[in-house]
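Because the structure is a prediction, the values reported are computed rather than measured.
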Amino acid sequence: MRAIDVELPGTHYRILVEEGLLGRLGAITASVAPHERALLAIDAGIAGSHGRTARDALAAAGYDVAVQEIVAEEQRKTLATVSAIYERMLASRLERRSPVVAVGGGVVGDVAGFAAATYLRGVPLVQVPTTLLAMVDASIGGKTGVNFPLPADGDGATLGKNLIGAFWQPAAVVADPRALLTLEARDLRCGLAECVKHALLAEAGGAIAGGLLAWIEANADAIGSLDLAVLTDLIERGARVKVGFVVEDEREAGRRALLNLGHTFAHAIEPIEELDLRHGEAVAIGLCAAAWCAVREGHLGEAAARRTTALLERLGLPTRLPRPIDANRLVRAMRYDKKVAGGRIRLVLPTASGGASVFADVAPGAIIAAWRAVGAAPSRGAGDEPAATP
Ligand SMILES: NC(=O)c1ccc[n+]([C@@H]2O[C@H](COP(=O)([O-])OP(=O)(O)OC[C@H]3O[C@@H](n4cnc5c(N)ncnc54)[C@H](O)[C@@H]3O)[C@@H](O)[C@H]2O)c1
């Protein structure tokens with residue numbers, strides 16, 4: 001079994017990666033959070049399949065299992081869903097030592113994780129990610145939370161992403177690559193976008209996991225054909241990159257912010273219904289926008305931006321907006337992002353030396369040009385400039 005140790009001040013946990021781990025979930029949970037009762041927070045879409053395996057495994061280890069199904073949609077990643085989880089926990093008499101076992105993608109992990117962080121001021125959490133994105137990213141590092149309505153601005157994008165939340169480290173992360181076999185191809189691709197992001201960041205430091213970009217390029221076909229050995233490697237390599245950042249900077253005071261590469265752009269387009277983009281797809285377009293923004297600002301060569309775009313395309317991900325949204329509207333949406341400091345847009349951009357850096361005051365013209373480069377419509381507002389053609 002692959003085990004990655006996450007050592008943090010005051011806590012330690014392991015990320016376990018192996019085929020078939022879902023069937024051993026009870027024993028693993030009992031080893032980190034023994035109690036007579038547990039809450040299984042399960043993605044409603046997999047309740048009858050992986051959920052049944054997880055429930056049986058927990059019951060076999062002696063847990064009295066309360067089950068809360070969660071519909072994995074961004075629109076449901078809200079305080080109302082957290083309330084429903086609290087009600088189930090109270091009705092099932094869950095106590096301070098009763099674990100919450102969150103089985104599902106990032107939506108379930110974030111929302112059930114927030115419930116675990118806050119119920120009785122915090123109960124043990126076992127993250128059991130069942131999407132690639134959750135395995136290499138969302139389940140690791142302790143960020144939990146929900147979306148919350150923004151003040152109305154007439155643009156139709158009303159839910160602010162992850163605005164309410166808490167840091168709450170899991171007691172264990174259990175990743176069973178076989179779970180990925182039932183994932184829709186589109187959802188697998190979304191996870192690949194985060195893997196490419198990790199690979200871009202890892203280019204800087206051989207110390208963390210340099211070479212992942214070339215590894216994904218070399219294994220793109222095997223990944224697409226769901227080769228379990230290759231997927232297991234990919235999960236481990238991707239998770240190690242995330243762990244490297246989390247261990248260095250648990251509370252995102254510095255380096256961990258680099259994990260937001262592409263995300264300030266992605267968060268502006270993800271809530272726009274007419275684009276119909278999933279998180280990972282928005283991240284893929286966001287990575288391209290960040291790359292072209294970096295080219296425009298002189299931090300990155302064009303060849304590197306083209307390499308990123310080509311790999312994302314090869315993995316079947318979008319690299320341009322499916323419809324031309326007004327570039328100024330997108331810049332406005334970016335200002336609601338949590339990474340805004342003092343009204344200026346702070347951006348994580350890739351750099352020529354490999355990896356990425358935070359830039360505190362990117363020229364508005366470069367941001368508009370980046371949006372135009374990924375297909376945004378020209379806007380008539382101040383600071384607009386002609387599109388750079390990638
Ligand atoms: N906490 C963090 O650090 C962090 C990091 C990155 C992303 N996130 C969050 O993660 C969320 C996205 O997560 P996601 O991409 O996993 O999406 P998701 O949770 O919405 O899952 C995607 C889809 O896959 C289905 N699904 C899950 N596992 C499956 C399986 N094994 N087989 C078949 N279907 C399955 C779900 O029902 C859903 O329809 C976003 O809300 C994002 O904000 C959090």
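Note that the CG atom of D221 and the CG atom of L315 stand 9.5 Å from one another [nearest 0.5 Å]. To the nearest 0.5 Å, atom CG of residue L120 and atom CZ of residue R96 are 6.5 Å apart. The structure places CG of D64 at 8.5 Å from CD of E36, a figure rounded to the nearest 0.5 Å. For the atom pair OG1 (T308) and CG (L213), the distance works out to 6.5 Å, reported to the nearest 0.5 Å. Between the CG atom in L321 and the CG atom in L330 there is a gap of 6.5 Å [rounded to 0.5 Å]. With values rounded to the nearest 0.5 angstrom, N260 atom CG is found 7.0 Å from K197 atom NZ.
Judged purely by atom type and a 3.5 angstrom limit, S92 has no side-chain atom pairing as donor or acceptor with the backbone of M89. In terms of modelled atom types and a separation under 3.5 Å, the side chain of H50 and the main chain of V103 share no donor-acceptor contact. Remark: the backbone N or O of D137 is paired with a side-chain donor or acceptor of K242 at under 3.5 angstrom. Side chain of R296 to main chain of A370: no donor-acceptor pair is present (N/O by atom type, distance under 3.5 Å, no hydrogens or angles). Between the side chain of E69 and the backbone N or O of D43, no donor-acceptor pair lies under 3.5 Å. With hydrogens and angles ignored, the 3.5 Å screen pairs no side-chain donor or acceptor of R37 with any backbone N or O of A66. Panel note: side chain R320, backbone A373; a donor-acceptor pair is recorded below 3.5 Å. The main-chain N or O of A166 is found under 3.5 Å from a side-chain atom of T144 such that the two form a donor-acceptor pair. Remark: side-chain polar atoms of T319 are not paired, donor with acceptor, to backbone N or O of T309 under 3.5 angstrom. Using modelled atom types, no side-chain atom of T118 and backbone atom of R121 make a donor-acceptor pair closer than 3.5 Å.
Under the 4.0 Å criterion applied to side-chain N and carboxylate O atoms, R24 and E18 are assigned as salt-bridge partners.
Applying the salt bridge (charged side-chain N to carboxylate O under 4.0 Å, His left out) test to pairs two or more places apart or on separate chains, none has a residue in residues 163-173.
Counting heavy atoms from C-beta outward, R256 and K143 have side chains that approach closer than 4.5 Å. Considering only heavy atoms from C-beta on, H279 comes within 4.5 Å of H267 through its side chain. For the pair L180 and M135, the minimum side-chain heavy-atom distance is below 4.5 Å. Using a 4.5 Å heavy-atom cutoff, the side chains of E281 and C190 are in contact. Considering only heavy atoms from C-beta on, K161 comes within 4.5 Å of K77 through its side chain. Contact check for F265 versus C293: side-chain heavy atoms found under the 4.5 Å cut-off. No side-chain heavy atom of I85 sits less than 4.5 Å from a side-chain heavy atom of V100. Using a 4.5 Å heavy-atom threshold, the side chains of L132 and I235 count as touching.
Note: the hydrophobic cluster containing L21 does not contain L226 (ILVMFWY, side chain heavy atoms under 4.5 Å, direct or indirect links). Hydrophobic clustering of Ile, Leu, Val, Met, Phe, Trp and Tyr side chains at less than 4.5 Å, counting indirect connections, keeps V111 apart from V71. V82 and V101 end up in different hydrophobic clusters when Ile, Leu, Val, Met, Phe, Trp and Tyr side chains are linked at under 4.5 Å. L201 and L133 fall into different hydrophobic clusters, where Ile, Leu, Val, Met, Phe, Trp and Tyr residues are linked whenever their side-chain heavy atoms come under 4.5 Å apart, directly or through other members. Linking Ile, Leu, Val, Met, Phe, Trp and Tyr whenever their side-chain heavy atoms come within less than 4.5 Å leaves V126 and V243 in two separate clusters.
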Exercise. Between L261 and L287, does a side chain to side chain contact (heavy atoms under 4.5 Å, CB included) hold up when you go through it step by step?
Worked result: CA-CA 7 Å; L261 178 61; L287 289 174; 3.7 Å; yes
Exercise. After noting the C-alpha distance and the side-chain angles of V247 and V6, does the key distance pass the side chain to side chain contact (heavy atoms under 4.5 Å, CB included) rule?
Worked result: CA-CA 7 Å; V247 165; V6 185; 4.1 Å; yes
For this session: List the steps, then state whether side chain to side chain contact (heavy atoms under 4.5 Å, CB included) holds for Q127 with Y13.
Result: CA-CA 11 Å; Q127 289 278 17; Y13 58 94; over 6 Å; no
For this session: Please assess F114 against D110 for the test side chain to side chain contact (heavy atoms under 4.5 Å, CB included), listing each intermediate value before the final yes or no.
Result: CA-CA 6 Å; F114 185 62; D110 277 10; over 6 Å; no
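The nearest pair of heavy atoms linking R186 to L277 is NH2-CA, 4.3 Å. The two residues L125 and G113 come nearest to each other via the heavy atoms CD2-CA, 3.8 Å. Taking each heavy atom of Y63 and P99 in turn, the nearest pair found is CE2-CG, 3.8 Å. Residue P324 comes nearest to A377 through the heavy atom pair O-CB, 3.8 Å, listed as atom of the first residue, atom of the second, then distance. Pairing each heavy atom of A54 with each of L25, the nearest pair is CB-CD2, 3.7 Å. Of all heavy-atom pairs spanning E95 and V123, the tightest one is O-CG1, 3.6 Å.
Between Y86 and Y119, the ring planes lie parallel to each other; the angle is under 30°, not in the 30° to 60° tilted range.
A side-chain N or O of H35 and one of S98 form a donor-acceptor pair less than 3.5 Å apart.
Within 6.0 Å of CZ on R278 lie more than 12 heavy atoms contributed by other residues, nucleotides or ligands.
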